[in-house]
Number of protein chains: 4
Amino acid sequence: MKKSEQTEQKIMLAAGEIFSEKGYSAASTSEIAKKAGVSEGTVFRYFSTKKELLVRLVKYGIEMFSEDIAIKPLIELTRAKKNGQDFLYEVSMNRYDLWVKYRNLFKIVIHELSFHMEIKELFDKYICEKVESILSSTYEDYIKSGDFREDIDSHSAIRSFSGMIFILFMEHAHSNENSREKMQRDIKTTIDIFINGVGKK
Amino acid sequence: MKKSEQTEQKIMLAAGEIFSEKGYSAASTSEIAKKAGVSEGTVFRYFSTKKELLVRLVKYGIEMFSEDIAIKPLIELTRAKKNGQDFLYEVSMNRYDLWVKYRNLFKIVIHELSFHMEIKELFDKYICEKVESILSSTYEDYIKSGDFREDIDSHSAIRSFSGMIFILFMEHAHSNENSREKMQRDIKTTIDIFINGVGKK
Amino acid sequence: MKKSEQTEQKIMLAAGEIFSEKGYSAASTSEIAKKAGVSEGTVFRYFSTKKELLVRLVKYGIEMFSEDIAIKPLIELTRAKKNGQDFLYEVSMNRYDLWVKYRNLFKIVIHELSFHMEIKELFDKYICEKVESILSSTYEDYIKSGDFREDIDSHSAIRSFSGMIFILFMEHAHSNENSREKMQRDIKTTIDIFINGVGKK
Amino acid sequence: MKKSEQTEQKIMLAAGEIFSEKGYSAASTSEIAKKAGVSEGTVFRYFSTKKELLVRLVKYGIEMFSEDIAIKPLIELTRAKKNGQDFLYEVSMNRYDLWVKYRNLFKIVIHELSFHMEIKELFDKYICEKVESILSSTYEDYIKSGDFREDIDSHSAIRSFSGMIFILFMEHAHSNENSREKMQRDIKTTIDIFINGVGKK
DNA sequence: GATGAATGAGACTTCATTCAT
DNA sequence: AATGAATGAAGTCTCATTCAT
């Protein structure tokens with residue numbers, strides 16, 4: 001990696017931490033420069049604008065995330081055709097690990113989503129659509145194979161499942177006791193609810 | 001209502017709109033003053049600090065919300081003992097109407113939650129706990145009455161249901177086609193999933 | 001005069017001096033603020049932009065100049081119908097006094113003319129056209145009265161005369177020996193050349 | 001021409017364009033470097049300072065101009081002894097062509113004259129004095145030969161004539177319709193005024 | 001000899017906050 | 001009680017200049 005690329009990385013890394021910590025607009029470029037160990041002028045050599053720093057940072061993060069989400073799980077999935085329960089568990093844990101890895105990125109994206117069109121577009125295009133497309137095709141396989149009900153449209157199902165998982169992650173993010181083991185148990189319960197419902201048979 | 005209270009209200013109203021529109025830290029007190037139709041000095045007569053304006057605004061909003069959520073539905077609930085499905089539907093639609101009414105407040109709370117301890121505490125204390133306590137006692141009634149499974153702890157169930165509904169609201173907030181009718185249908189589907197699951201019996 | 005108008009004046013005055021001394025773009029707002037005896041923030045309360053400060057300053061100066069040039073000499077002119085020689089002398093000396101009074105303004109206008117469209121427009125509209133219109137009508141009176149040649153178009157004549165006077169002012173501005181007496185003599189010589197030419201009869 | 005001289009030329013050329021376009025102090029060295037097709041570092045290898053770039057550029061330009069003005073016209077003048085009218089016409093058109101050729105240089109010199117002593121000195125020494133000395137000796141020849149009046153001192157005459165021509169050039173520079181033909185006509189009129197005056201005989 | 005990455009001082013500008021009126 | 005003028009600290013950004021490669 002060239003030196004200039006290293007500098008760019010250092011700046012994006014520092015910006016990622018500070019943006020996620022105090023939000024884009026409360027973060028100052030001087031603080032970012034200091035954390036990155038470069039002068040403020042250098043920040044603007046690489047990113048002509050504070051906003052551009054945000055957008056490039058998110059774009060770069062999402063690209064990396066995109067690779068991680070697209071490649072890794074599909075390989076594991078095709079390797080062993082699992083039942084719905086196990087599949088969802090794998091997907092959720094994989095997402096959880098990604099969540100941990102990309103925690104800062106997600107925090108930034110979720111926060112700045114509503115203030116910056118560019119971020120919303122990246123989010124819609126590279127996260128929502130991608131996740132939906134991966135899940136929906138698999139979901140419909142399970143319908144065809146007779147495991148899942150046909151009278152629930154896959155969009156609603158996926159949305160509901162995503163919401164359950166999303167809020168679970170949030171709870172863990174904001175709580176102190178957030179071990180991987182607890183997460184495993186919580187995910188299993190959540191999937192149980194999703195597949196079997198809470199109603200008594 | 002006294003004149004001074006009116007002024008305070010005007011300022012909080014204006015602040016609510018601007019905070020929700022561009023975020024707390026990107027909002028400027030001068031813009032708030034202008035929208036409220038008062039001078040900048042006046043803002044600081046009522047709120048010694050921009051941050052205090054945020055906190056008092058959220059506190060006030062949450063108190064009003066608290067009354068709305070605590071009183072209205074409980075009356076309706078006790079009036080007619082419903083089955084779980086109908087109860088959840090009522091609750092969800094009621095929450096949806098509240099969401100619409102308190103849209104700005106929620107947007108602010110969700111955004112500033114992670115940057116301001118005071119907001120997080122208010123949120124935990126007056127929203128999470130309140131909602132959880134209302135729902136969990138009812139939920140356990142349904143367990144006892146044999147409608148719901150005993151092997152799912154009420155916290156997990158409530159969390160999952162909240163997540164499903166939350167993300168549904170989000171989808172509507174960010175989409176263009178967001179009529180009340182569509183919401184009614186979506187909520188019914190979501191409750192169906194929650195109670196019966198997606199798995200084939 | 002209200003206090004706020006006083007402040008605005010102080011800032012424009014300071015800006016006028018510094019702009020004329022080192023040019024618009026080499027002048028710094030902090031220096032202007034210091035010279036005006038206000039804080040830098042105050043400068044931007046009155047002029048949202050450094051550029052706006054320049055434009056408003058020029059506009060204001062030109063308006064004052066416009067009044068001075070339009071009203072004063074016309075009164076004197078109508079009072080006593082003079083011959084061409086005396087008329088031009090009066091006009092030139094009047095212009096010289098204005099030049100001394102508006103020295104800074106002219107320096108700024110002449111310098112920034114070519115970099116800022118707004119200034120050029122103000123200059124064309126309020127100085128060139130005004131001066132031309134005042135002079136040309138009078139000039140044509142002299143033609144009609146048989147004092148001046150008919151075969152020189154008034155625009156060329158006025159342009160030539162203005163150039164002679166302009167460069168004379170410039171010489172005085174850049175020289176050390178620039179008394180009013182010397183100017184009077186130089187103007188008389190210049191007018192002699194203009195009316196009689198340098199060629200021998 | 002050596003390679004290093006070429007580079008120096010390229011930089012001065014680029015600087016000349018940008019300085020004349022937006023003024024010395026609003027021009028940035030990075031822009032100059034880009035336009036010259038060299039790196040920013042290179043600019044500072046050849047010119048230790050932005051200011052030095054300006055001064056050397058002007059010095060170099062004035063030297064070239066000096067040769068052009070001193071050599072060419074004198075040859076033509078001595079070749080054919082003309083009358084005053086024709087002589088002035090030749091000189092003016094020659095100056096006009098030089099003006100077109102050195103347009104950028106003149107614009108820079110005129111603008112920076114009052115902000116940089118070095119430029120003013122170069123201007124006075126190499127342009128004013130030179131032009132004055134060339135013209136004044138010739139002018140006095142015409143006095144002696146009885147063509148021109150003796151009662152006008154040559155400095156005043158030359159100054160007046162220069163002003164007329166200067167402002168004519170300015171008018172052309174700022175107007176759209178600025179053909180060489182129009183200039184020829186305007187110069188002839190101007191000279192007519194200069195020699196014969198506008199007064200009726 | 002040339003490059004372009006890095007710097008840091010300083011530019012313009014914003015804004016929460018104070019205070020005389 | 002209310003105003004809005006004034007502040008000054010801090011923010012984003014620019015740019016001449018240096019220096020390792």
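Chain identifiers are assigned alphabetically (A, B, ...) following the order of the sequence lines, protein sequences preceding nucleic acid strands; residue numbering begins at 1 within each chain.
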With sequence neighbours left out, the residues meeting salt bridge (Lys or Arg N to Asp or Glu O under 4.0 Å) with C:K10 are none
Applying salt bridge (Lys or Arg N to Asp or Glu O under 4.0 Å) to B:E21 and not counting sequence neighbours gives none
Residues at least two apart in sequence or cross-chain that pass side-chain contact (heavy atoms from CB on, under 4.5 Å) with C:Y46, listed by chain then number, are C:S4, C:T7, C:E8, C:I11, C:T42
Hits for side-chain contact (heavy atoms from CB on, under 4.5 Å) against A:K120, two or more places apart or cross-chain, chain-then-number order -> A:L113, A:D124, B:H174
Value for NZ (C:K50) from OG (C:S28), rounded to nearest 0.5 Å, stands at 7.5 Å
ring-ring contact (aromatic ring centres under 6.0 Å, His included) with D:H116: of D:Y24, D:F123, D:F19, only one passes, and it is D:Y24
Separation of E:dA16 atom C1' from B:I11 atom CD1, nearest Å, is 15 Å
Taken in chain and number order and not counting sequence neighbours, the residues that satisfy side-chain contact (heavy atoms from CB on, under 4.5 Å) with B:K59 are B:E63, B:L122
Heavy-atom nearest nucleotide on DNA chain F taken for C:S4 and for A:S30; more 5' hit belongs to C:S4
- Scan side-chain atoms only and decide if A:S114 and B:H111 contain a donor-acceptor pair under the 3.5 Å cut-off. yes
Taking pairs as Watson-Crick (N1-N3 plus N6-O4 or O6-N4) or G-U wobble (N1-O2 and O6-N3), each distance under 3.5 Å, the stems of three or more consecutive pairs with DNA chain E are E:2-21 with F:2-21
Hits for side chain to side chain donor-acceptor pair (under 3.5 Å) against A:K22, two or more places apart or cross-chain, chain-then-number order -> A:E31
Contact check, residues 31-53 of chain C vs DNA chain F, heavy-atom distance under 4.0 Å, returns C:V38, C:S39, C:G41, C:T42, C:R45, C:Y46
Residue set satisfying side-chain contact (heavy atoms from CB on, under 4.5 Å) with A:T49, at least two apart, ordered chain then number -> A:K51, A:E52
task: Would you kindly say whether B:S30 and B:E40 are connected by a side-chain donor-acceptor distance under 3.5 Å?
output: no
* To do: Please work out if B:A26 contacts a base, only the sugar-phosphate, or nothing of the nucleic acid, heavy-atom cut-off 4.0 Å.
  => nothing
Sorted by number, residues from residues 14-25 of chain C placing a heavy atom under 4.0 Å from DNA chain E are none
B:E121 meets the salt bridge (Lys or Arg N to Asp or Glu O under 4.0 Å) criterion, sequence neighbours left out, with none
Notebook entry, point to check: Would you call the rings of B:F106 and B:W99 parallel, tilted or perpendicular, where under 30° means parallel and over 60° means perpendicular?
Noted result: parallel
Span of DNA chain F engaged by chain B, first through last nucleotide within the 4.0 Å heavy-atom cut-off, is F:dA1 to F:dG4
